[in-house]
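This report refers to the structure that appears directly beneath it.
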Amino acid sequence: MKLTLLGGGGFRVPLVHAALLADEGPHRITHLTLHDLDTARLTAITRVLADQAARLAPGTPGLTVTSTTDLDEALRGADFVFSAIRVGGLEGRAQDERVALAEGVLGQETVGAGGIAYGLRTVPVATDIARRVARLAPDAWVINFTNPAGLVTEAMSHHLGGRVLGICDSPVGLGRRVARTLGADPAEAWIDYVGLNHLGWVRGLRVAGRDELPRLLADPELLGSFEEGRLFGPDWLRSLGAIPNEYLHYYYFNRETVRAYREVEKTRGAFLLEQQAAFYARAARPDTPALDLWDGTRAEREATYMAENRETAGAGERAAEDLSGGYENVALALMRAIARDERATLILNVRNGTTLSVLDAEAVIEVPCLVDANGAHPVAVDPLPGHAAGLVCAVKAVEREVLAAAASGSRASAVKAFATHPLVDSVTVARRLVEGYTAVHPGLAYLR
């Protein structure tokens with residue numbers, strides 16, 4: 001089978017490659033095509049993959065890897081397409097942060113003003129990709145990694161229907177940490193998780209039919225022993241009666257986080273821009289041990305993830321077990337379930353249907369799904385409590401304004417998206433944000 005990876009020069013591609021190399025059994029991926037517009041990045045990542053393959057034990061099945069800058073060539077014949085693009089690159093992310101912070105609002109790449117700006121740049125490109133997949137590889141399944149993952153998946157679903165599925169490793173990591181804290185095997189636990197991408201809550205964790213989450217919520221010491229407990233604090237988690245996705249820290253502690261982000265020497269995007277520029281420059285040199293360089297760079301990247309939020313909360317360093325990858329394993333499990341008809345339960349970004357009554361059928365949500373050869377089927381969930389439903393509906397309304405702006409080029413819709421987001425909440429600031437972003441991003445020239 002052939003897998004095409006869009007954004008093939010991306011830094012996390014070796015994680016996918018390693019997972020594919022470790023896969024065994026029928027219907028495995030035998031051909032990986034990397035597509036990227038940047039040939040230098042493709043060259044560097046291809047060197048890392050070659051080093052990974054060279055470390056395989058003798059007799060281990062390999063993987064044919066090719067690369068191209070021609071999108072149509074990359075898509076033809078694909079059984080699966082991973083979309084992991086970054087429109088505007090890390091420079092665009094750094095600009096998103098700077099423009100937002102100058103206005104006193106959050107510039108994070110998927111949340112608030114930064115997420116809206118990133119979505120406005122990305123949706124037109126993702127929509128074009130979806131149209132091309134529908135034309136050139138109509139039987140392919142598209143697995144979307146591209147952020148903002150829920151928004152982009154919904155945009156692509158207008159052209160691909162249920163054949164596009166969005167994935168994220170945040171719910172998986174959260175469920176794993178809650179299960180470990182309770183002394184349960186994550187593989188044996190049922191995680192009751194619901195929301196939007198980067199806006200969800202674990203509301204239960206069942207082991208052998210028994211919900212163990214109340215035991216966790218009743219124990220302040222246990223609650224404070226893992227990442228989210230330290231990030232949000234035991235008292236707030238007990239008030240919620242649930243464990244929020246880490247990204248909800250941007251909502252629940254927004255003022256503290258914005259202040260921390262404005263005080264740092266470098267924003268996250270600026271740090272990654274500098275770090276990865278150095279990596280790609282060195283990795284392109286023939287005398288560089290590319291895989292070793294990549295390993296060291298990745299360790300630094302993971303250790304500094306959400307550092308400002310942890311510092312604000314006094315949460316300390318990330319646990320060692322949380323420094324490994326995750327989304328590539330979700331993607332592999334998803335492909336195996338579809339290709340081999342191996343039923344699996346995965347938390348995915350999918351069309352709502354009738355799952356959440358507060359949203360319409362086409363809204364993409366993030367929930368546990370049963371996956372088989374026919375795709376992903378969201379599992380019925382209990383209604384959201386009022387505080388969560390209000391936030392989900394508000395953010396989904398913002399996403400719809402982003403989609404409307406991307407489809408029509410309406411500057412007014414873009415302003416409305418910023419103005420109605422809970423973390424912006426000002427028409428005046430929204431107008432200045434649109435002015436600021438269109439001034440620095442050529443990709444937003446379509447707004448008029």
Side-chain angles (χ1 to χ4, degrees), residues 143 149-150 162 165-219 222-223 225-229 232 237-238 240-248 319 321-322 324 326-338 340-359 364-385 388-389 392:
I143 301 177
L165 304 166
I167 67 170
C168 180
D169 56 0
S170 289
V172 176
L174 171 56
R176 185 174 60 232
R177 287 188 289 275
V178 172
R180 283 198 311 251
T181 303
L182 288 165
D185 180 355
E188 301 297 324
W190 170 268
I191 302 166
D192 177 4
Y193 181 94
V194 63
L196 306 179
N197 180 240
H198 291 178
L199 190 77
W201 299 261
V202 169
R203 304 183 301 176
L205 188 133
R206 294 190 173 275
V207 180
R210 177 184 172 87
D211 187 3
E212 297 290 341
L213 191 64
R215 176 164 66 88
L216 175 60
L217 292 170
D219 189 333
L222 208 56
L223 266 181
S225 68
F226 67 106
E227 175 96 355
E228 282 73 17
F232 294 99
L237 297 186
R238 285 201 302 271
L240 292 173
I243 312 297
N245 184 298
E246 60 198 349
Y247 282 84
L248 274 154
E321 58 267 28
D322 291 324
S324 58
Y327 81 125
E328 70 283 358
N329 295 321
V330 180
L332 182 61
L334 178 53
M335 283 197 303
R336 289 175 63 158
I338 292 173
R340 303 174 190 176
D341 200 17
E342 295 179 355
R343 288 174 64 86
T345 302
L346 300 168
I347 298 173
L348 302 171
N349 287 270
V350 294
R351 280 182 162 180
N352 176 45
T354 60
T355 307
L356 275 183
S357 59
V358 294
L359 296 176
V364 166
I365 60 173
E366 193 167 72
V367 287
C369 299
L370 298 177
V371 188
D372 56 24
N374 294 314
H377 316 284
V379 175
V381 297
D382 292 334
L384 286 165
V392 163

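Predicted, not measured: the structure shown is a model, and the values here were computed from it. Sequence positions, counted from 1, serve as the residue numbers for this chain. Values below: every heavy atom of this structure, side chains too, minus hydrogens, waters and symmetry copies.
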Under 3.5 Å donor-acceptor pairs involving side-chain atoms of residues 181-188, not counting sequence neighbours:
unit_1	atom_1	unit_2	atom_2	d
T181	OG1	R177	O	2.7
D185	OD1	A187	N	3.0

Might you point out which heavy atoms bring Y193 and P368 nearest each other, and give the distance in Å?
O-CD, 2.9 Å
Does N352 have any side-chain hydrogen bond (donor to acceptor under 3.5 Å, both in side chains) partners at least two apart in sequence or in another chain, and if so, which?
none
A side-chain contact here means heavy atoms from C-beta on lying under 4.5 Å apart; do L199 and L248 qualify?
yes
Taking only residues two or more places apart in sequence, or in another chain, which ones meet R215 in a side-chain hydrogen bond (donor to acceptor under 3.5 Å, both in side chains)?
E212
Can you see which heavy atom on Y327 is nearest to which on I167, and at what distance?
O-CD1, 3.5 Å
By salt bridge (charged side-chain N to carboxylate O under 4.0 Å, His left out) - contacts of R206 (at least two apart):
none
What closest approach, in Å, do N245 and S170 show between heavy atoms, and which atom pair accounts for it?
ND2-CB, 3.4 Å
Please list, chain by chain and in numerical order, all residues satisfying salt bridge (charged side-chain N to carboxylate O under 4.0 Å, His left out) with R203, sequence neighbours excluded.
D192
I'd like to check the salt bridge (charged side-chain N to carboxylate O under 4.0 Å, His left out) partners of E366; sequence neighbours left out, ordered by chain and number.
none
Would you please name every residue forming a salt bridge (charged side-chain N to carboxylate O under 4.0 Å, His left out) with D372, sequence neighbours left out?
R343
Interatomic spacing from CG in L237 to CG in L217 - rounded to 0.5 Å:
7.0 Å
For A376, all residues meeting side-chain contact (heavy atoms from CB on, under 4.5 Å), sequence neighbours excluded:
L165, L348, V350, C369, V371
Residues V392 and G195: closest non-hydrogen pair is CG2-CA, 4.4 Å
